[in-house]
Amino acid sequence: MKRTQHGMSLVEVLVAVAIGLIGILIITQAYLASDSFNRSTIGEGGAQTNGTIALFTVQRDLRMAGYGLADSRALGCGDINWYFDPNYSGNLGGSLPNLTLAPVLIETAAGKPAKITIRYSSDANRMVPSTLPKPMPNASAELNVDGTAGFEINDLVLLVSDTAPVRCTMEQLTTVQASSSKIQHNSGTTAPYTPPGGGTLFPPYGTNSLVFNLGNPIVHSYSVVKTDPTCTSGCQGSLRLTDNVLQSATGGTPYDLLDGIVDLKAQYGKDNGVNNFTVSRSTYAANDGLIDSYDSTTPATSTEWQQGIAVRVAVLARVGNYEKPATPGGNCDATTTMPTWSGSVSGAAFGAIDVTTATSQDRCYKYRVFETVVPLRNMIWRVS
């Protein structure tokens, strides 16, 4: 009986400890594998969500592009003459930024994300521009119009000349005289967009010139910025919306909308009859309502702006899960081939990341591409 109560031997203890350690090792490995799988799943889901919302956000604004501005008679004016106390726009020698009258402006640079600026009127009361039955000298603060319906005090209006070269000037309304069919744009503290004395730098406008009601114009710019500006490789990014304040010389207030967005691309869809091998068609004819080509070249004339009937846009989202190199101390190989989109065939490839260089940290992540084509309905339905 005593021999059976001596307890466990050292060998038995060592065997039990070994079995326990093996069990702990197996559980740890299973946990690490499960955690890795979980992080990968969460990262994939995050990239899917961020990319989808980013594309939807840009797409929603693009559908409004040109509202209240898409008139064939106004699209050729180029930069707008405008003022905000006490400065004039750059095209008049002032410090304020130049504003191009265009529904969508795509700015590109090699190796960098595109910048998409979308413009449209916020005024829903007057889609059709008014016409001047009498000329307006440049010092005048009064406009004779063919009807005041839809015009309200503090609205911004755009004057467009009826003769070439087309000139455009933006003013702010201070008085609406419905009985006499007149609207005024007097200067003062309540109208900072109207210069004193009618603006000696502003051109005169003759009979049959147009008056567009912009209301409080919307100018939204979408771009991609680095989350850490000092980062040089493997940089995270975010989609930024700049809600432009027209009076600001440096642009409006930026809002970082979504993380994990590292590149943004866009191209104009043009009904110009040109075959640049980006659209497969049997025939190519200008102004037939069908897209003939895609490119990011900014239209230079009124005719070219009228032929821009769509925008093709793509968003590159990064999966947030960092994947270590297969070999300790080696190079990452999670992504070794550059992601592509439909515009890559015309040279608009994603260039904000580098996965072709073996030592690049961009190779340590996976990516997802989201793209769509947005018809510019206000351009398609514009007034000729």
Side-chain angles (χ1 to χ4, degrees), residues 51 54-55 58 62 79 90 97-98 100 102-118 220-242 244 250-251 254 256-270 272 274-279 291 293-300 304-305 308 310-318 331-332 334-374:
L55 187 64
V58 178
L62 282 171
D79 291 334
N98 289 332
T100 301
V104 181
L105 185 63
I106 300 172
E107 300 174 68
T108 61
K112 295 183 178 179
K115 180 180 179 181
I116 307 173
T117 301
I118 303 166
H220 284 170
S221 294
Y222 291 93
S223 59
V224 171
V225 295
K226 295 179 182 178
T227 304
D228 178 6
T230 63
C231 177
T232 58
S233 181
C235 308
Q236 298 289 357
S238 60
L239 178 68
R240 172 170 290 182
L241 164 65
T242 303
N244 288 286
T250 58
D256 290 343
L257 301 180
L258 295 159
D259 293 329
I261 307 301
V262 294
D263 209 345
L264 176 68
K265 293 297 178 185
Q267 292 180 323
Y268 301 101
K270 299 178 179 179
N272 55 4
V274 175
N275 178 16
N276 67 346
F277 306 103
T278 57
V279 177
I291 297 174
S293 62
Y294 287 100
D295 62 52
S296 56
T297 302
T298 304
E304 292 180 0
W305 278 116
V311 171
R312 181 164 66 180
V313 59
V315 171
L316 183 65
R318 169 177 281 170
N331 299 319
C332 294
T335 301
T336 57
T337 303
M338 285 293 294
T340 61
W341 69 295
S342 300
S344 298
V345 297
S346 56
F350 292 116
I353 63 171
D354 176 19
V355 298
T356 58
T357 303
T359 57
S360 173
Q361 291 295 300
D362 290 326
R363 294 163 55 101
C364 303
Y365 300 89
K366 292 182 179 179
Y367 301 86
R368 294 292 178 267
V369 178
F370 303 86
E371 65 172 291
T372 189
V373 176
V374 184

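The model shown is predicted, which means the values in this text are computed figures rather than measured ones.
Rounded to the nearest 0.5 Å, atoms CD1 (Ile353) and OH (Tyr365) are 12.0 Å apart. A distance of 8.0 Å separates CG of Asp259 from CD of Gln236, quoted to the nearest 0.5 Å. Here the CZ atom belonging to Arg312 is positioned 8.5 Å from the CD1 atom belonging to Ile291, to the nearest 0.5 angstrom. Between the OG atom in Ser221 and the CD atom in Glu107 there is a gap of 7.5 Å [rounded to 0.5 Å].
For Thr108, the side chain to side chain contact (heavy atoms under 4.5 Å, CB included) partners are Ile106, Ala114, Ser296, not counting sequence neighbours. Taking the side chain to side chain contact (heavy atoms under 4.5 Å, CB included) definition, one finds that Cys332 meets it with Tyr322, Pro325, Arg363, Cys364, sequence neighbours left out. With sequence neighbours excluded, the residues satisfying salt bridge (Lys or Arg N to Asp or Glu O under 4.0 Å) with Asp256 are Arg240. In terms of the side chain to side chain contact (heavy atoms under 4.5 Å, CB included) criterion, residue partners of Leu241 (sequence neighbours excluded) are, by chain and number, His220, Tyr222, Leu257. Every residue was checked against the salt bridge (Lys or Arg N to Asp or Glu O under 4.0 Å) condition with Lys265, not counting sequence neighbours, and none meets it.
Thr227 and Ser238 make their closest contact through OG1-N, 4.3 Å (heavy atoms, listed as atom of the first residue, atom of the second, distance). Considering all non-hydrogen atoms of both residues, Asp295 and Lys270 come closest at OD1-NZ, 2.7 Å. Taking all atoms of both residues into account, the shortest heavy-atom contact from Val315 to Ala54 is CG1-CB, 4.1 Å. Val373 and Ala310 get closest at one heavy-atom pair: CG1-CB, 4.1 Å.
Atom NZ of Lys226 is surrounded by more than 12 heavy atoms from other residues, nucleotides or ligands within 6.0 Å.
Contact of the Thr242 side chain with the Thr117 side chain is not registered, since no non-hydrogen atoms from C-beta on lie closer than 4.5 Å. Between Val313 and Ile116, the closest side-chain pair of non-hydrogen atoms falls below 4.5 Å. Taking 4.5 Å as the limit, some side-chain heavy atom of Arg318 sits within range of a side-chain heavy atom of Asp362.
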Candidate pair Val345 and Thr340, rule side chain to side chain contact (heavy atoms under 4.5 Å, CB included), full reasoning:
CA-CA 9 Å; Val345 297; Thr340 61; over 6 Å; no
Kindly determine whether Ser360 and Val355 satisfy side chain to side chain contact (heavy atoms under 4.5 Å, CB included), including the steps that lead there.
CA-CA 6 Å; Ser360 173; Val355 298; 5.8 Å; no
From CA spacing to verdict: side chain to side chain contact (heavy atoms under 4.5 Å, CB included), Val279, Tyr294
CA-CA 7 Å; Val279 177; Tyr294 287 100; 3.6 Å; yes
Assess whether side chain to side chain contact (heavy atoms under 4.5 Å, CB included) is satisfied between Trp305 and Thr298, documenting all intermediate values.
CA-CA 9 Å; Trp305 278 116; Thr298 304; 4.0 Å; yes
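Applying the side-chain hydrogen bond (donor to acceptor under 3.5 Å, both in side chains) definition to pairs two or more places apart or across chains, those involving residues 342-354 are Gln267-Ser346, Ser342-Glu371, Asp354-Thr356, Asp354-Thr357.
Residue Leu55 forms a side chain to side chain contact (heavy atoms under 4.5 Å, CB included) with just one option from Thr372, Ile261, Val369, and that option is Thr372.
For Asp263 (side chain) and Leu316 (main-chain N/O), no donor-acceptor pair under 3.5 Å exists by modelled atom type.
Using modelled atom types and a 3.5 Å distance limit, the side chains of Asn272 and Ser293 yield a donor-acceptor pair.
Between Trp341 and Phe350, the ring-plane angle classifies as tilted under the 30° and 60° cut-offs.
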